[in-house]
Amino acid sequence: MISRNFKNILVISFGFLSLFTAYGGLQSLQSSLNAEEGMGVASLSVIYASIIISSMFLPPIMIKNLGCKWTIVASMACYVSYSIGNFQPGWYTLIPTSVILGLGGSPLWSAKCTYLTISGNLQAAKEGKRGADVINQYFGIFFFIFQSSAVWGNLMSSLIFQQDTNVADIPAEQLQYCGVASCDIQMNTTSSKPRESLVWTLVGCYIGVGVLAIIIVAVFLDNIDRQQASEFRGNREPFCHTFLATFQLLRDKRLLILIPLTMYSGFEQSFLSGEYTKNYVTCALGIHYVGYVMICFGAANSISSIVFGKLSEYTGRAPLFLLGAVTNFCCILALLYWKPDPNNLVVFFVFPALWGMADAVWQTQTNALYGVLFPKAKEAAFANYRMWESLGFVIAFAYSTFICLEYKLYILLSVLLLTAVTYPIVEYGEYKNPTPPIDEGTYSKHKEAIKTDENYVISQTSL
């Protein structure tokens, strides 16, 4: 029988899978579906700008007052609002719902990371294993399930848009402006937008799976830090102390050195979802191919996540980070010289597959690294993670409509090279002076509270 902690990891993973089936699918389509005046990319930029703001104070406040479980539930509702805004896409609907989503984004991911770290430490203490190993394994399982959301979300969009009979052939004149030759100033895309009824059908499906995510977590996820949240509410810290918790952690030089790595995660994700889908796939093949290409990314990402999560127990983090960096480096160089050609269809799928493998490294290992380095300041650490990653998203989406693709690739390459210089410094410092594991007594109260026969199913959901 699976342990209680492992069951909770599965619940939170499938909840995120359902939620990001909707959001991931919408994000992949924004640069193509809502291309008028750069509205789709602008909405994504607003989302991540709002995440930066929420990272400054919301995660510690929400997690300590509501606990991880109910923070996740409340934040998921913010994501569903963005899907609703896409029913009638316009500046007056997309921008407000983007702000709402952004405000919920940082608490959502901080609570998830905190929950996985607590669960990993609890299970490690129970089995007599190293906390870092179990945390790595749990993050690998989570991202294996979560990253498959790119498969299901994009499969939904592809199958629905495939019903459109208005698919136009890509003229030869447009092909010459695809890839690095693409520049928004001179590019004149003629790809037709899907019928409005098909867009409504897709958005309706996305809203449905978003609501399903909220139900999964609200009903089935155990409230493992309920007592800690209750104690915090009874002995409330001053607001200024909680507000400054995220910034106080910046006094730790390890966090400062990790900023380029964390920001690169935002740069590389935004490039694939915002630039590759628009300037390579939509430009040369049409919008109905975006979903199929991103399915390839999601499948590679999902499989690589579970493999790397387990493999890190034997290789450590550094070799995996090296693999991810070399893979992205080679892809960026190839994209600088590749001219998209519809006759070479398989190449359009090779790049997202390799990108998905590299992204699995950035996601699983960077999240786990934060959990290992800052075990006693988890909420503030993961809030910083979301803040700096979101800053990478914001910068990338902000210059998306102003500079040509070639320069975007050079910027991406520069941030990658900076990451290759700074990350080894943190890893070397951790090798010389390992961060002591979390004290087992930290969660002793929780362990006493749930110490019961695991053959019985216990509901911790308030009625």
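These numbers were taken from a predicted model, which means no experiment stands behind them.
Aromatic ring pairs are classed by plane angle as parallel below 30°, tilted from 30° to 60° and perpendicular above 60°; the pair Phe143 and Phe146 is perpendicular. Below 30°, between 30° and 60°, or above 60°: for Trp338 and Phe351 the angle between ring planes is between 30° and 60°, a tilted geometry.
Here Tyr280 pairs with nothing under the side chain to side chain donor-acceptor pair (under 3.5 Å) rule; sequence neighbours left out. Under the rule for a salt bridge (charged side-chain N to carboxylate O under 4.0 Å, His left out), Asp341 has no partner lying at least two apart in sequence or in another chain. In this view, Gln269 and Ser265, Glu389 satisfy the side chain to side chain donor-acceptor pair (under 3.5 Å) rule, not counting sequence neighbours. By the side chain to side chain donor-acceptor pair (under 3.5 Å) test, Tyr264 is found to be paired with Asn328, residues two or more places apart in sequence or in another chain being considered. Listed by chain and residue number, nothing satisfies the side chain to side chain donor-acceptor pair (under 3.5 Å) test with Thr364 (two or more places apart in sequence, or in another chain).
Outside the 6.0 Å centre-distance limit, the rings of Phe348 and Tyr289 are not counted as a close aromatic pair.
The CD atom of Glu268 lies 10.0 Å from the OG1 atom of Thr419; values are rounded to the nearest 0.5 Å. Put simply, CZ on Phe6 and CD1 on Ile141 are 4.0 Å apart, with the number rounded to the nearest 0.5 Å. Within the model, atoms OH of Tyr423 and CG of Leu418 stand 15.0 Å from one another, a figure rounded to the nearest 0.5 Å. Taking CG of Leu66 as the start and CG of Asn223 as the end, the distance is 9.5 Å to the nearest 0.5 Å. The OG1 atom of Thr114 lies 9.0 Å from the CD1 atom of Ile72; values are rounded to the nearest 0.5 Å.
For residues 282-297, no residue pair satisfies the salt bridge (charged side-chain N to carboxylate O under 4.0 Å, His left out) rule, not counting sequence neighbours.
A donor-acceptor pair shorter than 3.5 Å can be found between the side chains of Ser43 and Tyr82. A donor-acceptor contact closer than 3.5 angstrom is absent between the side chains of Ser270 and Tyr48.
Residues Asp252 and Phe374 share a closest heavy-atom pair of OD2-CE2, 3.4 Å. Considering all non-hydrogen atoms of both residues, Val217 and Gly15 come closest at CG2-CA, 4.1 Å. What you find for Ser50 and Val99 is that their closest heavy atoms are OG-CA, 3.4 Å.
Side-chain contact between Ile95 and Met39 is absent, with no heavy-atom pair separated by less than 4.5 Å.
Checked options Phe382, Tyr79, Tyr115, Phe20; the residue passing with Trp109 is Phe20 (criterion: ring pair (Phe, Tyr, Trp, His ring centres under 6.0 Å)).
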